[in-house]
Structures are given as C-alpha cells and as structure tokens.
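Structure first, commentary second.
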Amino acid sequence: MGDKAHAHSGAAGGAPTADHPAAVRNVVLVGPSGSGKTTLVEALALTAGAVNRAGRVEDGATVSDYDEIEQRRRRSVQLSLVPVAWEGCKINLLDTPGYADFVGELRAGLRAADAALFVVSAAQDASSVAATTRAAWEECALVGMPRAIVVTHLDTARTSYREMNRICAEAFGGDDPDAVLPLYLPVLGPEGADGHAPLTGLTGLLSRRILDHSSGERAELPPAPDQEEPLREARERLIEGIIAESEDESLMDRYLDGEDIDVATLIADLERAVARGSFHPVLTAAPAADGARQGIGTVELLELITRGFPTPLERTPPAVTTPSGAPRPAPVCDPGGPLVAEVVKTASDPYVGRVSLVRVFSGTLRPDDAVHLCGHGLTATGHAPRPCHEAEIRVGALTSPFGRRQHALDRCVAGDLACVARLGEAETGDTLSPADDPVLIEPWTTPDPLLPLAVRAHGKADEDKLSQGLARLVAEDPTLRLEQNPDTGQVVLWCLGEAHQEVALERLRSRYGVQVDAEPHRVPLRETFAGRAAGRGRHVKQSGGHGQFAICEIEVEPLPPGSGIEFVDKVVGGSVPRQFIPSVEKGVRAQAARGLAAGHPLVDVRVTLLDGKAHSVDSSDAAFQTAGALALREAASDTRIQLLEPVCEVSVLVPDDYVGPVMSDLSGRRGRVVGTEQSPGGRTLVRAEVPEIEVGRYAVDLRSLSHGTGRFDRAYARHEAMPPQLADRVRAERADGSPGA
C-alpha cells in the first residue's frame with residue numbers, strides 16, 4: 001500500500017513456517033468459476049518466490065489444481081492451500097472452487113480464513129458477480145470478515161476499469177458504495193491489432209507514482225501530464241472514503257479546511273479500516289509476462305495482505321461447548337494455551353491414506369500428541385443418522401501442503417494451518433482438543449444436497465467396496481448425503497448439482513477403485529384401495545402325505561391417509577381356528593408390503609377377516625399365510641387400486657424479479673403455491689406443495705431459471721393420489737420391466 005518494492009522471503013517450493021500467530025495471514029480467494037483465482041494464486045506464489053515459474057490452468061500445471069479431476073476439467077473442484085512467505089509473514093492462500101456445486105469447499109475455506117479476496121473478472125458478464133459470490137460476501141459481512149476485491153483479465157477485456165469499479169461498488173457496496181474504492185488505476189499500453197490494450201502497470205492513488213512493468217521489471221515513474229486529471233479525481237474520492245472510515249473524527253474537518261493530509265496517516269487509517277472490515281479496496285492483478293519475476297499488482301496485493309489484513313489474534317474464534325453440549329469459554333489464540341483445532345477438510349491420498357487439513361485456533365499441535373477427537377457426526381447437519389462420535393487418538397506426521405508436495409513440520413501454532421496424516425477416522429468438522437478436557441467447536445452451516453443420484457455396483461467385485469467408498473466420500477464432503485432407501489432398495493447419493501455428481505462418481509472410480517453405474521432415481525410410491533372390495537383366498541393342495549388346506553374370506557375398505565394397515569378379526573363359529581388368524585394377518589401384511597398393481601407397498605386400508613375353512617390335518621401356519629395373500633390379491637382385482645405419490649413442502653427463496661417465473665414453473669410441476677412472504681434484501685419466499693416426482697431435478701432447474709440466485713428447501717408432507725393418466729403410465733412401465741417412478 002506504500003507503493004514500494006519489497007524483497008520476498010522464502011525459497012521456491014519451500015515451506016514457510018510461523019512461530020507466532022502475529023506472523024500468519026489466512027486468506028481465502030472467492031469468486032465465480034473462470035474469474036482467475038487459481039491463476040492469481042500462481043502469480044502471488046511466483047512473486048513471493050514460492051515457485052520458479054508460474055503454471056497455467058490450461059496446461060494442468062498449477063500448484064492449486066493438482067488433482068487429476070481438476071486437471072482434466074481445467075477448473076478447481078476442491079479447496080487447496082498454498083502457503084507463501086512475504087515480509088516475514090506466512091500467508092496461507094486458500095484457493096476455492098467458483099462453481100456453485102462446490103460451495104461446501106468454499107464454506108470450509110471461509111471457516112479456515114481470517115480475510116477474503118473476492119476475485120472478479122473484467123472479461124465476464126457483470127451478472128457473474130452475483131449469485132454465490134454475493135452470497136459469500138454477505139456471509140463475510142455477517143461475521144465482519146475483512147474483504148478486498150481483485151479485478152483480473154483487464155489485459156484481455158474490452159470492459160473499462162471505471163465500469164468494473166462501478167459494478168463492484170453496486171455488487172458489494174450495498175448502502176455505502178464509497179466503502180468500495182480502487183487503490184490503483186491501471187496503465188494501458190497502445191491497442192494491438194485485436195483492439196485490446198495491454199495492461200503495462202498501475203498508478204498508485206496515494207503515492208501518485210506509476211508502477212511500470214512495460215520493460216518486464218517493476219519500476220516507479222512519475223505520472224504523465226495526461227494522467228494527472230483522472231488521477232486527481234480518483235485520489236480525492238479515495239481519500240474521502242478513507243477519512244470517512246477513520247477513527248480520528250477531526251481528520252474530515254482538517255481535510256475539508258484544505259489541509260493536505262499526510263500519506264502515512266492515510267495509509268495507517270486505510271489499513272485499520274480494511275482490518276476492521278469497514279472498507280474494501282479494489283485492486284488489479286495480472287500474471288507475470290514471460291521471464292518476469294513479478295506479475296502486475298501482485299506486490300501491492302501481498303503488501304495489502306501482510307499490512308492490511310488481520311492476524312489470527314484479531315479474529316473472534318468460533319464458540320465451543322463440551323461434548324455433551326454445555327457452554328465453555330471461547331478459545332484464545334495463544335500458542336501456549338490448551339489445544340483447540342478443527343478439521344476443515346478431509347481428503348484421501350493413495351499412498352498416505354486419509355489426510356486432514358486442520359486449523360489451530362488455540363494451543364500448538366505437534367506430532368505424536370495424544371488428543372481427543374470429537375465430532376458432531378453428520379446428524380448435526382442433517383446428512384446421516386449418525387450420533388456424535390469421540391475417540392482418543394495420537395497425532396501423526398504434520399506437513400505443510402504445497403500442491404502435490406508435503407513438507408514436514410515440527411509444530412503448528414495457534415492461527416496456522418497444517419495437514420495431519422492418518423488422524424484416525426476424523427471427518428470434516430471434527431474438533432481436536434486435550435484428552436483430559438475435551439471440547440467441541442460449533443459446526444459451520446452447509447447447504448442441504450437436494451439432487452439425487454442412484455448408484456449400483458458395476459460388478460460383483462465392486463459390491464464389497466461400494467459401501468466403504470461411499471462412506472469415505474461422505475466423511476470427506478459434508479455436502480454429500482448417503483441414503484439407502486428401504487422402499488425402493490436404491491443406494492442414493494444426494495448432491496448439490498450435476499458437476500458435484502460427476503466428481504463424486506469420478507472419485508469413486510479413480511480414488512477408491514469402485515466401478516459404479518448410475519440408474520434413474522425412483523420415488524417411493526404407495527398403493528391403496530379406491531373402494532370397498534371382497535376377496536376369497538383358497539389354498540388347497542394334496543401331493544402325498546400331509547397336504548395344504550386353508551380358505552379365508554376377507555373384506556377390504558380404504559382408510560384416511562396415514563392410517564397404515566388395520567387388520568380386524570370378525571370370524572364367528574371357529575371356521576378359522578384361533579391359532580391361524582395371526583397367520584392370515586401375516587400373509588395379508590406380507591402381500592401388502594410387496595404391493596398389488598405396480599409393486600409398491602399397500603397402505604391406508606382396513607382388512608377384515610370374515611370367514612374361512614380349515615382341515616384338522618392339512619391346515620398349517622404357512623397355508624393360511626398363503627391364503628391371506630391370495631385373498632388380498634383377489635380383492636385387488638375387484639376394485640381400482642390407486643397409486644399414491646409423495647408430496648413435498650417446497651420453500652423457494654429468490655430475488656423479486658424471479659418470483660413470477662418461479663411460481664409459473666411450480667404450477668407446471670403440478671405444484672400448488674400456498675403463500676409468499678417478503679424476505680430481506682429484495683427477496684421473496686415462495687411456499688408450495690409439489691409432488692416429489694416433479695422436483696427430482698429442481699436443484700438444477702432452479703439454478704438455470706434464477707441465474708444461480710435462487711435456493712430452495714424441501715420436506716416430506718404426505719402421500720396423495722396420483723393422477724390416473726400418470727398412474728397408468730407407471731403401471732405400464734412396471735409391466736415392461738422398466739423402473740418407473
């Protein structure tokens with residue numbers, strides 16, 4: 001921020017270390033897919049001397065995107081940590097995916113970080129600033145996390161820097177656009193044949209110096225005469241924005257009286273306002289030219305991080321409780337205090353096994369430490385019926401990750417991040433604390449996965465490995481939910497989107513060696529009787545020795561929804577011996593579970609046993625079970641069997657502009673809108689009841705309909721009668737052997 005050159009510290013590919021929280025900066029990079037986050041991390045690593053040559057996303061050669069899936073897709077799909085050293089500080093750069101399907105990785109990055117860089121591409125449409133990026137900005141604002149904005153791709157875009165600053169102020173400024181202002185103005189070279197003007201340097205608004213990179217080296221120059229006027233206007237607005245956020249109330253009066261405020265005073269106030277999260281500077285960055293050691297704007301960005309972003313000492317740590325839920329005092333960021341650490345990410349390495357990325361909030365983590373592992377399980381986030389889990393474990397080797405490489409560490413102090421190998425059965429979100437005084441950190445929120453993916457093992461050899469592979473996937477990614485549906489018999493992996501599904505399948509195959517096939521997801525339907533009917537079950541066989549003899553007569557009538565199956569005995573005169581009446585009921589219930597018309601369980605009926613016959617020798621429990629099932633099937637042939645489908649209560653939160661299209665779309669899905677209500681931020685909550693069959697892909701369709709700005713929740717309400725034409729289609733598919741609904 002002082003617009004001066006700095007010497008970096010740290011060798012290429014080395015592992016910077018921190019001995020005290022004051023020397024640590026944890027920064028998460030946030031932005032839409034394609035905004036240039038991974039390229040920016042490469043440029044910062046090159047400037048800091050952590051790498052000798054910056055890799056390209058297109059070549060699959062970046063430090064962040066080291067996973068084979070990322071290299072094939074040419075985009076990030078997971079959180080990655082790239083530590084660099086600058087001015088005596090260890091900067092943990094947390095690169096996050098920009099695609100909405102991987103918002104769980106973004107949430108983990110926000111948990112691990114103390115400040116955020118929002119990366120915006122000048123080459124992308126302005127609408128890309130919205131959706132998940134704005135949602136992340138609002139999350140940071142709620143907790144007061146300091147933020148800065150980095151504009152990329154100015155050297156390849158036709159969008160002006162002035163226009164990008166206007167877009168950023170509108171997207172992120174909220175009620176105070178003067179809190180989002182540029183620190184530098186870009187210097188553009190002459191236009192080329194393609195009409196693009198290359199970015200050759202920056203002009204520091206406070207220092208009034210040009211940081212020129214046209215020669216391949218960074219040099220400071222005075223501004224040209226034609227640059228003085230735009231520089232003056234932007235500088236005055238920046239100074240006014242800084243003074244407005246200053247803690248010195250007399251500063252504005254002095255400035256309005258014409259006093260020339262000292263640059264050092266302005267920089268100090270700027271740094272304090274950034275650290276408080278009340279001022280959000282806009283910077284520009286571009287990768288280094290071939291052969292250059294520094295990218296444009298990367299020195300200034302590293303300087304902002306080290307001088308303007310807060311240390312872990314200034315962050316309010318998450319709340320903690322005892323494992324039983326009793327409140328405990330908040331941890332203090334002190335390397336000498338009791339250990340409180342959290343697993344923010346879990347991954348699997350083919351050679352090392354499970355690797356946990358840990359953020360230490362208090363104390364110091366060392367190899368071979370005996371610690372208490374405690375987790376909420378996935379019940380706390382609604383992902384699986386697993387209770388809180390605890391274990392006493394020993395910490396394995398500590399490492400600092402740098403892409404594929406892992407550098408050994410002898411300790412990890414409060415405020416820092418490290419990887420721990422073989423940390424027992426640790427899952428994302430678990431807490432590490434002293435064995436004699438365990439605590440549990442409150443969980444962070446993750447979106448509920450609402451896009452189903454039914455999978456089955458490809459072959460016999462994959463059946464044994466499937467359950468273990470799926471369990472590992474869910475342990476690593478809290479935004480995945482595993483369900484074994486008892487009604488349909490399907491194994492269902494609930495995901496956030498189609499890309500999330502594809503990555504989960506790729507990881508099963510490549511990481512765990514499990515070949516799986518996706519199949520259509522089936523919705524659990526029910527059957528019931530549309531009217532009263534009677535049936536007679538006759539099971540008489542004689543094949544030598546004891547035969548089989550059982551006859552029963554039943555009456556079936558429908559009951560109100562939710563009644564289940566009711567069995568009534570009205571036999572008189574002992575025509576069916578008392579010991580065989582439970583056998584008839586067992587046979588009826590077994591047939592009801594198997595279904596009648598389309599193979600779905602029968603519900604909401606009363607079955608009354610009226611009469612029957614028995615044989616003193618040939619009657620048996622098995623015979624009357626069979627007769628009961630036959631009687632129910634005959635009764636079904638005497639009336640119409642109605643199919644029942646599950647109906648969901650759906651709540652859709654969208655900006656006001658999309659309320660009409662959303663309500664029209666829900667109606668097209670046979671939904672009934674039951675109400676709307678206004679929500680803060682110009683949004684509307686639409687409540688509707690929609691058949692579950694119609695919302696199987698709603699997670700994808702709503703994203704497309706609302707341009708990524710909408711979200712929804714769903715909950716089971718009840719089963720209702722399916723329209724006859726749709727029910728006939730389901731029965732026809734059942735008869736053809738296809739899975740149907």
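Both backbone and side-chain heavy atoms feed into the values below; hydrogens, waters and symmetry mates do not.
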Which pair of heavy atoms, one from [X] and one from [Y], lies closest together, and at what distance?
| X | Y | answer |
| --- | --- | --- |
| Val103 | Pro447 | CG1-CG, 3.4 Å |
| Val343 | Trp444 | O-CH2, 3.9 Å |
| Pro97 | Leu79 | CD-N, 4.2 Å |
| Phe309 | Pro146 | CD2-CB, 4.5 Å |
| Ala48 | Ala85 | CB-O, 3.5 Å |
| Ser64 | Val82 | OG-CG2, 3.6 Å |

Do [X] and [Y] have side-chain heavy atoms sitting under 4.5 Å apart?
| X | Y | result |
| --- | --- | --- |
| Thr96 | Phe102 | no |
| Arg354 | Thr346 | yes |
| Val358 | Cys412 | no |
| Leu44 | Leu302 | yes |
| Val413 | His20 | no |
| Arg111 | Pro318 | yes |
| Arg359 | Pro317 | no |
| Trp86 | Val299 | yes |

Count the heavy atoms of every other residue, nucleotide or ligand shown that sit under 6.0 Å from [atom1] of [X], and state whether that count exceeds 12.
| X | atom1 | result |
| --- | --- | --- |
| Arg276 | CZ | yes |
| Arg53 | CZ | no |
| Glu249 | CD | no |
| Asp260 | CG | no |
| Glu68 | CD | no |

Residue among Thr364, Asp19, Thr17 satisfying side chain to side chain donor-acceptor pair (under 3.5 Å) with Arg411: Asp19
Does a salt bridge link [X] with [Y], judged by any charged N lying under 4.0 Å from a carboxylate O?
| X | Y | result |
| --- | --- | --- |
| Arg134 | Glu138 | no |
| Asp248 | Arg272 | no |
| Glu87 | Arg25 | no |
| Arg237 | Glu233 | no |

Test applied, side-chain contact (heavy atoms from CB on, under 4.5 Å); reference residue, Cys140; option that passes from Leu110, Val30, Val28: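 Result for side-chain contact (heavy atoms from CB on, under 4.5 Å) with Cys140: Leu110.
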How long is the gap from [atom1] on [X] to [atom2] on [Y], to the nearest 0.5 Å?
| X | Y | atom1 | atom2 | result |
| --- | --- | --- | --- | --- |
| Thr133 | Ile149 | OG1 | CD1 | 11.0 Å |
| Ser121 | Leu40 | OG | CG | 12.0 Å |
| Asp416 | Leu398 | CG | CG | 10.0 Å |
| Leu206 | Leu270 | CG | CG | 6.5 Å |
| Arg293 | Asn52 | CZ | CG | 6.0 Å |
| Leu106 | Thr446 | CG | OG1 | 12.0 Å |

Quiz item: cation-pi between Arg147 and Phe172, 6.0 Å / 45°: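 Relative to the ring axis of Phe172, which defines the angle, Arg147 lies outside at least one limit.
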Flag for Asp212-Ser214: side-chain donor and acceptor within less than 3.5 Å: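 Asp212 and Ser214 do have a side-chain donor-acceptor pair below 3.5 Å.
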Flag for Thr62-Thr38: side-chain donor and acceptor within less than 3.5 Å: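 Checked: Thr38/Thr62 side chains show no N/O donor-acceptor pair below 3.5 Å.
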Intermediate values then yes/no, side chain to side chain contact (heavy atoms under 4.5 Å, CB included), Asn26 and Arg315: CA-CA 11 Å; Asn26 297 309; Arg315 174 180 178 176; over 6 Å; no
Would you say [X]'s side chain and [Y]'s backbone share a donor-acceptor pair under 3.5 angstrom?
| X | Y | value |
| --- | --- | --- |
| Thr39 | Gly36 | no |
| Ser278 | Ala273 | yes |
| Ser362 | Gly337 | no |
| Glu42 | Val63 | yes |
| Arg107 | Thr445 | yes |

Thr399/Val355 under side chain to side chain contact (heavy atoms under 4.5 Å, CB included): CA gap, chis, key distance, verdict: CA-CA 10 Å; Thr399 58; Val355 178; 5.7 Å; no
Step-by-step side chain to side chain contact (heavy atoms under 4.5 Å, CB included) determination, Asp95 to Lys37: CA-CA 7 Å; Asp95 187 14; Lys37 299 183 296 299; 3.6 Å; yes
Stepwise side chain to side chain contact (heavy atoms under 4.5 Å, CB included) check, Ile239 with Arg235: CA-CA 6 Å; Ile239 291 175; Arg235 187 175 191 271; 3.4 Å; yes
